[in-house]
Amino acid sequence: MTPEQFKKEIKVKPKALYLLKGNDPFHIEDCVQAAREILDETALAFNFHSFRLGEDPSPMIVSEASSSSFFPSPRVVVVKVPEFYSFSAEDSETFTAWIKNPAQDSTIILLYEKPDERTKFMKAVKESKGVVECLMPEKKGLPTWLTLAFQKQGMKINSEAVRVMLDRAGDNPYVLIKEIEKLSLYPGPLAPITTKVILELVSLAPTAIIYELGEPVGEKNLQKAIPILMDLLESTEPFALIYSLGTHLKRLFSIKLKLLEFEEQGKPQSDVARALGLHPFYYEKLRDQARRWSLEELQVALERIENASRVIVTTSIPTAIVLEELVVALITGIKGKSYEI
């Protein structure tokens with residue numbers, strides 16, 4: 001069931017139990033709000049309840065859902081299953097029994113991001129058609145999702161700024177929403193959210209490393225790379241930096257190989273993105289970078305990265321110096337031979 005189907009159904013004929021599966025906060029918020037709206041305003045404080053498994057035992061939750069009320073309005077009980085909570089056999093039995101024999105006019109809504117599909121409980125939920133898919137979109141759908149998230153806060157953001165924010169802050173929806181909330185305070189809804197604003201105000205996440213350092217290295221832009229490296233050295237593990245650089249240059253190597261292969265075979269190079277499973281927008285960025293390198297240079301670059309990893313582990317040379325020399329050598333010092341630190 002989709003969130004839209006849930007919102008229509010709960011207004012007409014609510015089920016005994018729904019399980020909101022996934023972690024899209026907008027879908028979850030919309031579904032919970034739709035559940036609240038089936039209650040009379042006067043009965044809301046008495047007939048709408050929230051619990052958290054682990055703090056509140058499942059038998060007590062079901063007991064609350066079964067209790068009578070002074071108001072004839074339906075009863076809604078929302079239950080959050082924490083990320084690291086272990087859904088117990090008692091929980092499974094309790095909620096399965098509720099599905100089979102619920103109290104009249106009462107609905108339990110479980111917010112359960114990653115349920116164990118093998119349990120008897122999940123089998124019962126599926127048989128009752130109570131699973132609501134509140135999943136985050138796949139990576140290619142994140143720009144649209146993020147644009148909508150800004151619109152919900154009354155802000156406008158251009159497509160390039162959306163890309164930079166995803167590269168910088170990562171794809172965790174709660175991190176993204178936190179950053180959006182910060183931007184809604186300053187610069188605020190009236191200010192356009194540009195790439196400059198994102199780079200200045202959005203915090204770096206570990207997943208931001210590839211964009212923040214990989215792109216200027218791929219472009220062989222030393223002036224742009226060094227300030228970013230200095231920034232990342234203060235907040236990032238050295239091996240995370242090295243790994244991200246290696247990942248980025250391996251992508252460039254794969255694109256370079258595929259471009260040469262398609263050229264030899266007379267195939268249109270516009271098909272390379274599809275062959276590598278890359279979104280056209282990101283492919284164009286990486287392709288332009290790959291064209292700045294020869295295959296030999298990329299091979300030497302990857303050797304250089306591997307050597308830097310060994311130096312950090314086996315010598316007393318300060319990590320910052322190793323990484324600074326690595327970045328400088330990758331951008332300016334590769335002339336078709338291997339280097340040693």
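Because the structure is predicted, anything quoted here is derived from the model rather than measured. Along the sequence shown, residues carry numbers from 1.
With sequence neighbours left out, F26 forms a ring pair (Phe, Tyr, Trp, His ring centres under 6.0 Å) with W145. Not a single ring pair (Phe, Tyr, Trp, His ring centres under 6.0 Å) links F51 to another residue, sequence neighbours left out.
At a threshold of 4.5 Å between non-hydrogen side-chain atoms, the residues M155 and S184 count as touching. Side-chain atoms of I109 and C31, non-hydrogen and from C-beta on, never get closer than 4.5 Å to each other. Looking only at side-chain heavy atoms (C-beta outward), K123 and R118 stay at 4.5 Å or farther from each other. Residues L183 and I198 have side chains in contact (heavy-atom distance under 4.5 Å, counting atoms from C-beta outward). Side-chain contact check for P14 versus E9: every heavy-atom pair is 4.5 Å or farther apart. At least one side-chain heavy atom of L257 sits less than 4.5 Å from a side-chain heavy atom of L295. In this structure, the side chains of F121 and L19 come closer than 4.5 Å at one or more pairs of heavy atoms. Residues Y112 and L20 have side chains not in contact (no heavy-atom distance under 4.5 Å, counting atoms from C-beta outward).
For the pair S66 (side chain) and A103 (backbone), a donor-acceptor distance under 3.5 Å is absent. With S63 contributing its side chain and P59 its backbone, the two residues share no donor-acceptor pair below 3.5 Å. Formation of a donor-acceptor pair under 3.5 Å by the T332 side chain with backbone atoms of A329 is not found in this model. In terms of modelled atom types and a separation under 3.5 Å, the side chain of K256 and the main chain of W293 share a donor-acceptor contact. S106 places no side-chain N or O within 3.5 Å of a backbone atom of P102 that could act as its donor or acceptor partner. For D91 (side chain) and S88 (main-chain N/O), a donor-acceptor pair under 3.5 Å exists by modelled atom type. Here the side chain of D40 pairs no donor or acceptor atom with the backbone of T42 at under 3.5 angstrom. No donor-acceptor pair under 3.5 Å is formed between the side chain of H27 and the backbone N or O of C134. Although no hydrogens or angles enter the test, the distance criterion places a donor-acceptor pair under 3.5 Å between the side chain of D56 and the main chain of R52.
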Trace of the side chain to side chain contact (heavy atoms under 4.5 Å, CB included) decision for M165 with F150: CA-CA 12 Å; M165 182 159 177; F150 273 97; 3.5 Å; yes
Stepwise, does the side chain to side chain contact (heavy atoms under 4.5 Å, CB included) test hold for V76 with I38?
CA-CA 9 Å; V76 175; I38 70 171; 3.9 Å; yes
Given the rule in the side chain to side chain contact (heavy atoms under 4.5 Å, CB included) test, do K7 and Q33 qualify, once you have shown the distances and angles that lead to the verdict?
CA-CA 9 Å; K7 288 186 285 185; Q33 181 58 32; over 6 Å; no
Output, in order, the C-alpha distance, side-chain angles, deciding distance and verdict of side chain to side chain contact (heavy atoms under 4.5 Å, CB included) for Y18 and I108. CA-CA 6 Å; Y18 293 95; I108 293 176; over 6 Å; no
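Between E215 and K220 there is no salt bridge, since no side-chain nitrogen of the basic residue lies less than 4.0 Å from a carboxylate oxygen of the acidic one. The existence of a salt bridge linking E261 and K258 is confirmed by a sub-4.0 Å separation between a basic side-chain nitrogen and an acidic carboxylate oxygen. A salt bridge does not link E297 to R292: none of the charged side-chain nitrogens sits closer than 4.0 Å to a carboxylate oxygen. Remark: K126 engages E117 in a salt bridge, criterion side-chain N to carboxylate O under 4.0 Å. K196 and E200 are joined by a salt bridge, as a carboxylate oxygen and a charged side-chain nitrogen come within less than 4.0 angstrom of each other. Looking at K267 and D271, no side-chain N of the basic residue comes within less than 4.0 Å of a carboxylate O on the acidic one, giving no salt bridge. Under a 4.0 Å N-O distance rule, the pair K178/E181 does not qualify as a salt bridge. Ion pairing between R75 and E64 holds under the 4.0 Å rule for side-chain N and carboxylate O. K21 has no carboxylate O lying under 4.0 Å from a charged side-chain N of E113, or vice versa, which leaves the two without a salt bridge. Using a cut-off of 4.0 Å between Lys/Arg side-chain N and Asp/Glu carboxylate O, R310 and E306 are scored as salt-bridged. A salt bridge links K224 with E219; the closest basic N to acidic carboxylate O contact falls under 4.0 Å.
Other residues, nucleotides and ligands contribute only 12 or fewer heavy atoms inside 6.0 Å of the NZ atom of K129.
In terms of heavy-atom proximity, A16 sits nearest to W98 at O-NE1, 2.8 Å. Listed here is the closest heavy atom pair of S58 and F95: CB-CE1, 3.7 Å. Taking both residues in full, the closest heavy atoms of P74 and L39 are given as O-CD2, 2.7 Å, listed atom of the first, atom of the second, then distance. Residues P192 and V197 come closest through the heavy atom pair O-CG2, 4.0 Å. The nearest pair of heavy atoms linking P137 to D24 is CD-OD2, 4.1 Å. Shortest non-hydrogen contact noted between T119 and S92 is CB-OG, 4.5 Å.
Exactly one residue among L53, N23, V81, I28 makes a side chain to side chain contact (heavy atoms under 4.5 Å, CB included) with L111. That residue is I28.
Put simply, V175 and L135 are part of two different groups of oily side chains (I, L, V, M, F, W, Y) that touch within less than 4.5 Å, one to the next.
Expressed to the nearest 0.5 Å, how far CZ of F87 lies from CE of M122 amounts to 9.0 Å. Here the straight-line distance linking atom CD of Q151 with atom CD1 of I180 works out to 10.5 Å at 0.5 Å rounding. The distance from the CD1 atom of I99 to the NZ atom of K120 is 11.0 Å, given to the nearest 0.5 Å. For the atom pair E324 CD and I226 CD1, the distance stands at 6.5 Å (nearest 0.5 Å). Within the model, atoms CG of L326 and CD1 of I321 stand 13.5 Å from one another, a figure rounded to the nearest 0.5 Å. We find the CZ-CD distance between F6 and E133 to be 13.5 Å, quoted to the nearest 0.5 Å.
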